[in-house]
Amino acid sequence: MQKINLLITLTVFSLITLPTYGQKDAYNNNKFKQLDQELPTPNSYRTGSGAPGHKYWQQKADYTIEALLDEEKNQLHGKETITYTNNSPDNIKYLWVQLDQNMRATNSNTYKIRQNRIDEKANSRYFESISGYPNYDGGHKILEVKSKEGEDIPYVINQTMMRVDMPQELKPGEHFSFNIKWYYNINNRKLMGGRGGYETFKDGNTLYTLTQWFPRMAVYDDVNGWQNKQFLGRGEFALAFGDYDVKLTVPDDHIVASTGSLQDSTVLTETQRERLEEAKYSNKPIEIVTKKEAIKNEKKKGKGTKTWHYKADNVRDFALGSSRKFIWDAMGVEQNDKIVMAMSYYPKDAYNLYNRYSTEAIAHTLEVYSRMTFDYPYPVAISVEAENGMEYPMICFNYGRQDEEGNYSSRIKYGMLSVVFHEVGHNYFPMIVNSDERQWTWMDEGLNSFLQFVAEQEWEWNYPSQEGFPDNIIEYMEGVPEGMSPIMTNSESIKQFGWNAYSKPSVALNVLRETIMGRELFDYAFKEYAQRWKFKHPTPADFFRTMEDASGVDLDWFWRGWFYTTEACDISIAEVITMQLDTQDPNKEMTHLKALENDKRPTITEINNQKEGLETRVSKNENLKDFYNTDYKYSVYQDDLDKYKKYQNSLNEKDKEWMESNKYVYQVNFENVGGLVMPIIIELNFEDGSKDKKYIPAEIWKKDDKIVSKVFVTDKKVTSFFLDPNRETADIDTSNNHFPRRNSVNRFQLYKSKK
């Protein structure tokens, strides 16, 4: 550490000069500039506080659906009646319906815009994928669109969207009912991937996950009008709430897991009904269909059919799983004044994991998420093992199977638990807090990944979370900006999708909770957002504004840095200056000067003179030396003592007390290398082994976001300074977080020499 002397009075000592700040366009480049220009103007629908306005409205779409699953052809045939209610203040001329299966049609733009490259090796399956699986006839096959009275209604299909031209405008407060008849060839999910589809096992049996399976209404709202962006694969779904009445006819030995409540329990055996009632009041999962019964079902396919009838109120979507391979277990989970049924469906291939963990993980997710948001409003929460991960209201499809010997690794176990937490958690975001996934993936995946992290950490001490910890995104944040996108990027345009839409926003929220706001303020504001916007359609502005409104914390700088830029956090301790007070006491100061002189290293001239024996050669001149005090330059004279006495008399008692306190003073200069402004969290390590952590809010960078200085006054001597000691800020370079610098050790491997 460099030591310098400062001649200062105690009054002047308390004044710290602010760093200079000069930029041509300081206002526009200011990282603390408010987001007024980026956020939409508040209005009567969405207020400046982030709450729904007094004129907020949203549309409603109700469905009555009958469908048939053809296991021989792997087809789904259906007919539906959609009743669309116009709650907007607008006259609506036409309706937009989503045909998401058309993403897999042979003429789909999804395949056309996908970039392809030929590597050194390629197989026929790769060429199938880049050409859109030409042997698979995908997409919704619309057979008819008719009015409630049976008259044909004109319609136009544009890729994944269908415009239905109503015979007359739909006025505010009116509703319109129409019928659609369709079918589609279910995709082989193991071959083509996808959110839904079928999987055929070695024993010839099939497991179906029916998702995006029916024509669904697009959202019409106050922000976009019709949200009719094409479904290209990445950006998921924007959907209206409504009531569903669904009948699915399947082979008579299938078990059907579904959104909603089962209306006709006669599809179950008497024993299954008894087990289900017992499970309702059990504190551990009970098998409704046992492993032994599922294995028996697999051995012989049924020849008849059975219709499962489900209803669901106030949901934005509807999904099903169907298979004769399903083992089914369930247990009741208390949510204040009601019981929610947590249920899992899985083939025997996943029995050792799912029977032990899945339903318990559902119950844990409901407990954690409800505490952070609102009570779970639906009657069931279902986890289906289908070797993928995707979410729908009340039901989700997950992965996690043991090997052929029945064993599984820790990686598979924790991966399975995390995907259950995550997909069940999606019931809250976006199934209830109904954000627009087609536009903003982070609003559901990022928020949900954050709550997944909370659930993981509360499931088990030292849970190996892959999301949430700031350390987990350093690899991404230290990348080149050209390969990154701001979080506020449309879902289809995101670079490094997983990092951007899941990891970075989940870390941002964790940093906000743990470091910027604190848990009490964050949890209150986050819960307020969830409760304000449950069963509604929030935008990013509604989230940003609510978090500030409910906490009283100005977070525009945080949203700007984390969500609107690709800047990284890299704060460096550029310099530490140790300061000592000049006491002006001649005796003390001369002693100090003498000590400094004695600490000096000899000059090169003095070293060489000593080598040449000059010291011995000049000793003969000792008798010629004058007789005087050789320490004359450190002598104290009466004038010095008089000046000091006068200075002492000018000090008040507090000044004198501070003078005698022997405080240690350090000026620490910080440099913002990465660009992202963040709080400065610095640990002072003292000579006696004790520590003191200081938290300096991010607003210290308001006047200069490049260099700032801070003075620390301590009672004990500081031996070192350490930035971000608890790894709170995702700092991408910790080598400059220490002062004095620490030596880093890089590891290398010795390659075996060739003979």
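Note that the coordinates shown come from a computational prediction; the quantities given were computed from them, not determined experimentally.
A salt bridge between Arg532 and Asp549 is present, with a side-chain N of the basic residue lying under 4.0 Å from a carboxylate O of the acidic one. At a threshold of 4.0 Å, the pair Arg46-Asp542 counts as salt-bridged, since one of the basic side-chain nitrogens sits closer than that to a carboxylate oxygen. Using a 4.0 Å cut-off between charged side-chain N and carboxylate O, Asp243 and Lys311 make no salt bridge. Note on Glu458 versus Arg371: salt bridge recorded, some NZ/NE/NH1/NH2 to OD/OE distance being below 4.0 Å. Using a cutoff of 4.0 Å between basic side-chain nitrogens and carboxylate oxygens, Lys141 and Asp137 are scored as salt-bridged. Under the 4.0 Å criterion applied to side-chain N and carboxylate O atoms, Glu437 and Arg316 are assigned as salt-bridge partners. A salt bridge is absent between Lys229 and Glu492: the closest approach of a Lys/Arg side-chain nitrogen to an acidic carboxylate oxygen does not fall below 4.0 angstrom.
With no hydrogens or angles considered, a side-chain donor-acceptor pair links Ser503 and Glu467 at under 3.5 Å. Side-chain polar atoms of Gln58 and Tyr56 form a donor-acceptor pair below 3.5 angstrom. Trp226 and Tyr220 are not linked by any side-chain donor-acceptor pair at a separation below 3.5 angstrom, with hydrogens and angles left out of the test. There is no side-chain donor-acceptor pair under 3.5 Å between His537 and Asp222. Side-chain contact check for Ser344 and Ser358: at least one donor-acceptor pair (N or O, by modelled atom type) lies under 3.5 Å. Using modelled atom types, one finds a donor on one side chain and an acceptor on the other under 3.5 Å when comparing Gln227 with Asp436. The closest side-chain donor-acceptor pair between Asn490 and Gln439 falls under 3.5 angstrom.
Side chain of Thr209 to backbone of Gly197: a donor-acceptor contact under 3.5 angstrom is found. Asn185 places no side-chain N or O within donor-acceptor distance of the main-chain N or O of Gln75, the cut-off being under 3.5 Å. With hydrogens and angles ignored, the 3.5 Å screen pairs no side-chain donor or acceptor of Ser258 with any backbone N or O of Gly260. One N or O on the side chain of Asn187 and one on the backbone of Gly196 form a donor-acceptor pair closer than 3.5 Å. Between the side chain of His140 and the main chain of Trp213, a donor-acceptor pair closer than 3.5 Å is present. No donor-acceptor pair closer than 3.5 Å links the side chain of Asn158 to the backbone N or O of Thr160. Judged by distance alone, the side chain of Tyr310 and the main-chain N or O of Ala257 form no donor-acceptor pair under 3.5 Å. At least one donor-acceptor pair under 3.5 Å links the side chain of Thr565 to the backbone N or O of Gly561. The backbone N or O of Gly446 sits nowhere less than 3.5 Å from a side-chain atom of Lys504 that would complete a donor-acceptor pair. Using modelled atom types, no side-chain atom of Thr307 and backbone atom of Leu248 make a donor-acceptor pair closer than 3.5 Å.
Under a cutoff of 6.0 Å and an axis angle of 45°, Arg438 and Phe231 do not form a cation-pi pair. A cation-pi geometry, defined here as NZ or CZ lying under 6.0 Å from the six-membered ring centre and within 45° of its normal, holds between Arg216 and Phe237.
A 4.5 Å side-chain heavy-atom check between Tyr208 and Asn74 finds at least one atom pair inside the cut-off. No side-chain heavy atom of Asn427 sits less than 4.5 Å from a side-chain heavy atom of Tyr369. Proximity of Val97 to Met161: side-chain heavy atoms (C-beta onward) are nowhere separated by under 4.5 Å. Looking at Val380 and Met343, their side chains come closer than 4.5 Å, going by heavy atoms from C-beta outward. Put simply, the side chain of Tyr428 does not reach to within 4.5 Å of the side chain of Asn448, judged on heavy atoms. Annotation: side chain of Ile487 is not in contact with side chain of Trp440 (no heavy-atom distance under 4.5 Å). When side chains are defined from C-beta on, Glu367 does not count as touching Val333, because their heavy atoms never get closer than 4.5 Å.
From Glu385, atom CD reaches atom CG of Asn388 across 8.5 Å, with rounding to the nearest 0.5 Å. For the atom pair CZ (Arg104) and CD (Gln101), the distance works out to 7.0 Å, reported to the nearest 0.5 Å. Taken from CD in Gln159 to CG in Leu232, the straight-line distance is 8.5 Å, to the nearest 0.5 Å. If you take CD1 on Ile382 and SG on Cys396, they are separated by 9.0 Å, rounding to the nearest 0.5 Å. Here the CD atom belonging to Glu391 is positioned 12.5 Å from the OG atom belonging to Ser383, to the nearest 0.5 angstrom. Atoms OG1 and CD1, on Thr359 and Ile362 in that order, are 4.5 Å from each other to the nearest 0.5 Å.
Summarising the local packing, CD of Glu334 is surrounded by 12 or fewer heavy atoms from other residues, nucleotides or ligands at distances under 6.0 Å.
If you look at Phe563 and Trp442, their ring centroids are closer than 6.0 Å. Here Phe526 and Phe450 bring their ring centres to under 6.0 angstrom of each other. With ring centers used as reference points, Trp533 lies 6.0 Å or more from Phe374. In summary, the aromatic rings of Phe241 and Phe535 are positioned with their centroids under 6.0 Å apart. For Phe522 and Tyr524, the distance between ring centers is not under 6.0 angstrom.
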Audit row: Asn510, Phe453, side chain to side chain contact (heavy atoms under 4.5 Å, CB included) steps and yes/no: CA-CA 9 Å; Asn510 188 41; Phe453 172 72; 3.6 Å; yes
Under the criterion side chain to side chain contact (heavy atoms under 4.5 Å, CB included), I'd like the reasoning laid out for Ile180 against Met162: C-alpha separation, chi angles, the key distance, then a yes or no. CA-CA 11 Å; Ile180 304 176; Met162 179 171 73; 3.9 Å; yes
Carefully, step by step, assess Phe318 and Tyr392 under the rule ring pair (Phe, Tyr, Trp, His ring centres under 6.0 Å). CA-CA 7 Å; Phe318 202 99; Tyr392 300 89; over 10 Å; no
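Between Val419 and Gly389, the shortest heavy-atom contact is CG2-CA, 4.3 Å. Looking at every heavy atom in both residues, Ser370 comes nearest to Gln335 through OG-OE1, 2.8 Å. Residues Gln34 and Arg560 share a closest heavy-atom pair of O-NH2, 2.8 Å.
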For residues 148-156, please give each side-chain donor-acceptor pair under 3.5 Å, one per line with the distance, not counting sequence neighbours.
from: Glu149; atom 1: OE1; to: Ser147; atom 2: OG; distance (Å): 3.4
from: Asp152; atom 1: OD1; to: Lys146; atom 2: NZ; distance (Å): 2.5

Let me check something: any side-chain donor-acceptor pairs from residues 79-86 under 3.5 Å, sequence neighbours excluded? List them with distances.
from: Thr81; atom 1: OG1; to: Asn179; atom 2: OD1; distance (Å): 2.6
from: Thr83; atom 1: OG1; to: Ser177; atom 2: OG; distance (Å): 2.8
from: Tyr84; atom 1: OH; to: Gln59; atom 2: NE2; distance (Å): 3.3
from: Asn86; atom 1: OD1; to: Gln59; atom 2: NE2; distance (Å): 2.9
from: Asn86; atom 1: OD1; to: Ser88; atom 2: N; distance (Å): 3.1
from: Asn86; atom 1: OD1; to: Ser88; atom 2: OG; distance (Å): 2.7
from: Asn86; atom 1: ND2; to: Asp90; atom 2: O; distance (Å): 2.8
from: Asn86; atom 1: ND2; to: Leu170; atom 2: O; distance (Å): 3.0
from: Asn86; atom 1: ND2; to: Lys171; atom 2: O; distance (Å): 3.3

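Aromatic ring orientation, Phe176 versus Phe178: parallel (interplanar angle below 30°, classes split at 30° and 60°).
Applying the salt bridge (charged side-chain N to carboxylate O under 4.0 Å, His left out) test to Asp313 and every residue at least two apart in sequence or in another chain returns nothing.
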